[in-house]
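So you know, we letter chains A, B, ... as the sequences are listed, proteins then strands, and number each from 1.
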There are 2 protein chains.
Amino acid sequence: MSDELLMVRAAELYYEDGKTQDEIGALLRTTRWKVGRLLAKARDRGIVRIEIVHPRARRLSLERLLREQYGLADAIVVPAADDADVQASVSRAAADYLAALRPIPRVLGISWGRTLSAVADRLTPGWANEVRVVQINGGISLSSAPGAGAGSAASTAALIAHKAGGQAILLPSPAILEHAATKAAIESDRTVAGVLELAKTATAFLFSAGVADGSSVLVESGYLSAADVDELVQQGAVGDVVGRFINAEGEIVDPALDARTVGVGHDVLREASTSVLVIAGRSKHPVARAVVSSGLCSVIVTDEETARALTQDSAHGASHGTEQGASHVA
Amino acid sequence: MSDELLMVRAAELYYEDGKTQDEIGALLRTTRWKVGRLLAKARDRGIVRIEIVHPRARRLSLERLLREQYGLADAIVVPAADDADVQASVSRAAADYLAALRPIPRVLGISWGRTLSAVADRLTPGWANEVRVVQINGGISLSSAPGAGAGSAASTAALIAHKAGGQAILLPSPAILEHAATKAAIESDRTVAGVLELAKTATAFLFSAGVADGSSVLVESGYLSAADVDELVQQGAVGDVVGRFINAEGEIVDPALDARTVGVGHDVLREASTSVLVIAGRSKHPVARAVVSSGLCSVIVTDEETARALTQDSAHGASHGTEQGASHVA
DNA sequence: GAAATCGTTGCTCATATGAGCACCAGTGGC
DNA sequence: GCCACTGGTGCTCATATGAGCAACGATTTC
């Protein structure tokens, strides 16, 4: 009997029939040690597949790979849902993660957008006490577009703060201004400067990233035109983080535009000990890769498919050891 | 945390992360015993799914159920293949089973048809020594239809015998005759009678079953017209075994037709200690059920889907104990 | 209110299992 | 031919795990 077939028989008898390795050894005319090794080989060759089917399950092996490949402090990967509620699972996972985050942040910096709004919705009331939730990029002054509804910048921060019995500190400024001078002026204003100062002292950041295309909230909110975004893409933009557009290397694409953007800079996120990226969906794979490989986040919360894309693609700066993440079954 | 979620967490840490139950207990603030119970529950609730993916894998748990529900001596169930090669897997399994059959039959009775031909093809040369392979139902005289090719009745028996270095004994008679009198006459012929006598002494039988519709080999070979089959269906026929049509209860549908059919009767199969039914495909579920629940076979070789259909449907004579077939993982 | 019953919990103990190690057989270089 | 070497094999031993059991608490039943 071929070696592979032997593995199959052993696996059947062990996992399906509940026989002990010793019994299988007798049945297959070998020793129990050989059976043990056969089973081990069957497992990592993928002949035996062990899967945990549950919407709230996680993919610990992928998480480990992500941490190792990108030097992240933590990674949360939820299974790819059959339908399109990846967004829902991921934002719930992010809410769970935030609630379980220790030490509980006293000041939490957040961005805004569809994803953050979804996270806020799923947060358990009472997830923390006395947390000050600070907006880290502008976006409240322009009236929200019809589609945005209640999920706009201000209400996201307010909701998160409310559920923690804390206080929301909004950034009273547009996301992007028309002139760099105006931006400088508004940032020097006491109110805005104060908020930004506070934001920089945040003990944790929670943000998502946008795709550089017409679907961006920045376009939807009217800060940018579709043409603007097209040009950014020409320059290599893959998406935006807190309103600032980056290329695949995580670098600011258009310094001039960046100089008109209000909010904490990427350096703050890079230096923070806890900056959590929440990101889901196939369209966001390129941005996710840019963020994660340029060290913009220290924690990622994402879906299985994105995680696989990030780990399988070798086009990232493979500086960290890529140790075998062999899964093990007792 | 809900109980189910606790199971999920424990399963993740155990199966994905390779942690010990003790460690998980510490992590989840419980005892290792509770973790063990959580894992057990997760397994039989199907949250943890352990699957063996291999074309030659078997479904031991289903086999056990089949044996118990129908009082079979043995059952072989191969996984449902993604594509349409269920036929191929099942016939290979049947060939394997035949080769592994102990005691090695000295006289093997076989039927003929597409399935048996496929089994013969997959049999390993040298699977046995000195086996006499006897045809148990007629079918060599009419020239085979264009489609049947080399897989006709005679060549199947010859091939099986050849691969065992044995001898094929063909039944020199049509499958179905036009008049009962002719049938009686031919059966009393010394040659035919001798073969039938030998067939009755077979130590093992290997056969398949046909569906009662136009696709039947009996129609294809010209023994019956489509209209004949329609009428049989009217009378409750679900399919044929060795050329004899049965209803869902396994009873002969049309005694007059049966009296014109040459070959060993169903009583011989029922009384044989080893009569192996090889059957695959959704269209054959009804016949399979009829054969299996009426005791026409003592061993079944089939695909997962058919096995599930047989076990799940409660319309069979549930005389045998249906003990829990709980699968177990150490 | 008392009793009975059921499911849960933490335990003891026997056992199944994996890690680590010495050893052997085949294999290829010299 | 000789010798290092690799890959597999059977072993010992520490450990992880499940079966079984007694105690407990909750819920139902009278």
Side-chain angles (χ1 to χ4, degrees), chain A residues 1-54 57-58 60-61 64-65 68 321 323-330, chain B residues 1-54 56-58 60-61 64 68 321 323-330:
Chain A
M1 185 144 50
S2 93
D3 207 42
E4 186 163 328
L5 201 48
L6 224 47
M7 285 172 13
V8 174
R9 294 283 166 261
E12 288 165 355
L13 293 165
Y14 190 74
Y15 289 108
E16 273 211 75
D17 225 20
K19 293 208 185 303
T20 154
Q21 298 189 1
D22 217 354
E23 292 176 290
I24 299 170
L27 239 54
L28 264 49
R29 309 175 190 293
T30 24
T31 60
R32 66 182 194 77
W33 297 282
K34 177 147 187 171
V35 174
R37 283 169 188 135
L38 242 28
L39 287 172
K41 210 152 64 169
R43 261 174 264 135
D44 66 41
R45 275 220 213 167
I47 290 179
V48 172
R49 191 174 296 162
I50 300 182
E51 210 185 345
I52 297 164
V53 285
H54 194 283
R58 282 164 51 186
L60 266 36
S61 40
R64 196 181 318 116
L65 271 166
E68 285 165 0
E323 199 175 300
Q324 269 275 4
S327 93
H328 154 96
V329 176
Chain B
M1 186 142 52
S2 92
D3 207 43
E4 186 163 326
L5 201 48
L6 223 49
M7 286 171 15
V8 174
R9 293 284 166 261
E12 288 164 357
L13 293 165
Y14 190 75
Y15 289 107
E16 272 211 75
D17 226 20
K19 293 207 185 303
T20 155
Q21 298 188 2
D22 218 352
E23 292 175 289
I24 299 170
L27 240 53
L28 263 50
R29 307 173 192 296
T30 23
T31 59
R32 68 183 193 76
W33 298 284
K34 179 145 185 171
V35 174
R37 284 169 189 137
L38 242 29
L39 287 172
K41 209 151 65 170
R43 261 175 265 134
D44 66 41
R45 276 219 214 169
I47 289 178
V48 172
R49 190 175 297 164
I50 300 181
E51 210 184 346
I52 298 165
V53 285
H54 194 284
R56 300 190 65 171
R58 282 165 50 186
L60 265 36
S61 41
R64 198 181 318 115
E68 285 164 1
E323 199 174 303
Q324 269 276 3
S327 94
H328 152 97
V329 177

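- The side chain of A/Trp33 has D/dT12 as its nearest neighbour among C/dG10, D/dT12, C/dT17.
- Atom-to-atom, CG of B/Asp44 to P of D/dG18 comes out at 13 Å; the value is rounded to the nearest Å.
- The A/Arg37 side chain lies nearest to D/dT9 when the options are D/dT9, C/dC11, C/dT17.
- Separating the CG atom of A/Asp22 from the P atom of C/dT15 is a distance of 12 Å, rounded to the nearest angstrom.
- In this entry the distance linking CD1 of B/Ile24 with C1' of D/dG18 reads 15 Å, nearest Å.
- When distances run from any side-chain atom of A/Thr20 to the nucleotides D/dT12, C/dT9, C/dA16, the shortest one goes to C/dA16.
- Applying side chain to side chain contact (heavy atoms under 4.5 Å, CB included) to B/Tyr14 and the options B/Lys19, B/Gln21, B/Arg9 leaves one that passes, B/Gln21.
- A straight line from CG of A/Leu39 to P of C/dA16 spans 15 Å, rounded to a whole angstrom.
- Side chain of A/Arg32, nearest nucleotide from D/dT17, D/dG18, C/dG18: C/dG18.
- The side chain of A/Gln21 places an N or O atom within less than 4.0 Å of a non-bridging phosphate oxygen (OP1 or OP2) of C/dG18.
- Rounded to whole Å, atom P of C/dG18 lies 18 Å from atom NZ of B/Lys19.
- Taking atom CZ of residue B/Arg29 and atom P of nucleotide C/dT9, one finds them 17 Å apart after rounding to whole Å.
- For C/dA16, neither phosphate oxygen OP1 nor OP2 lies less than 4.0 angstrom from any side-chain nitrogen or oxygen of A/Tyr14.
- Rounded to an integer number of Å, the gap from B/Leu28 CG to C/dG10 P is 13 Å.
- The line from CZ of B/Arg32 to OG1 of B/Thr30 is 12.0 Å long, rounded to the nearest 0.5 Å.
- For the side chain to side chain contact (heavy atoms under 4.5 Å, CB included) criterion with B/Val35, the lone passing option out of B/Ile24, B/Thr20, B/Leu27 is B/Ile24.
- Looking only at side-chain heavy atoms (C-beta outward), A/Glu4 and A/Arg45 come within less than 4.5 Å of each other.
- Straight-line distance from the CD atom of B/Glu23 to the P atom of D/dT15: 13 Å, rounded to whole Å.
- Shortest non-hydrogen contact noted between A/Val48 and B/Ile50 is CG1-CG2, 4.0 Å.
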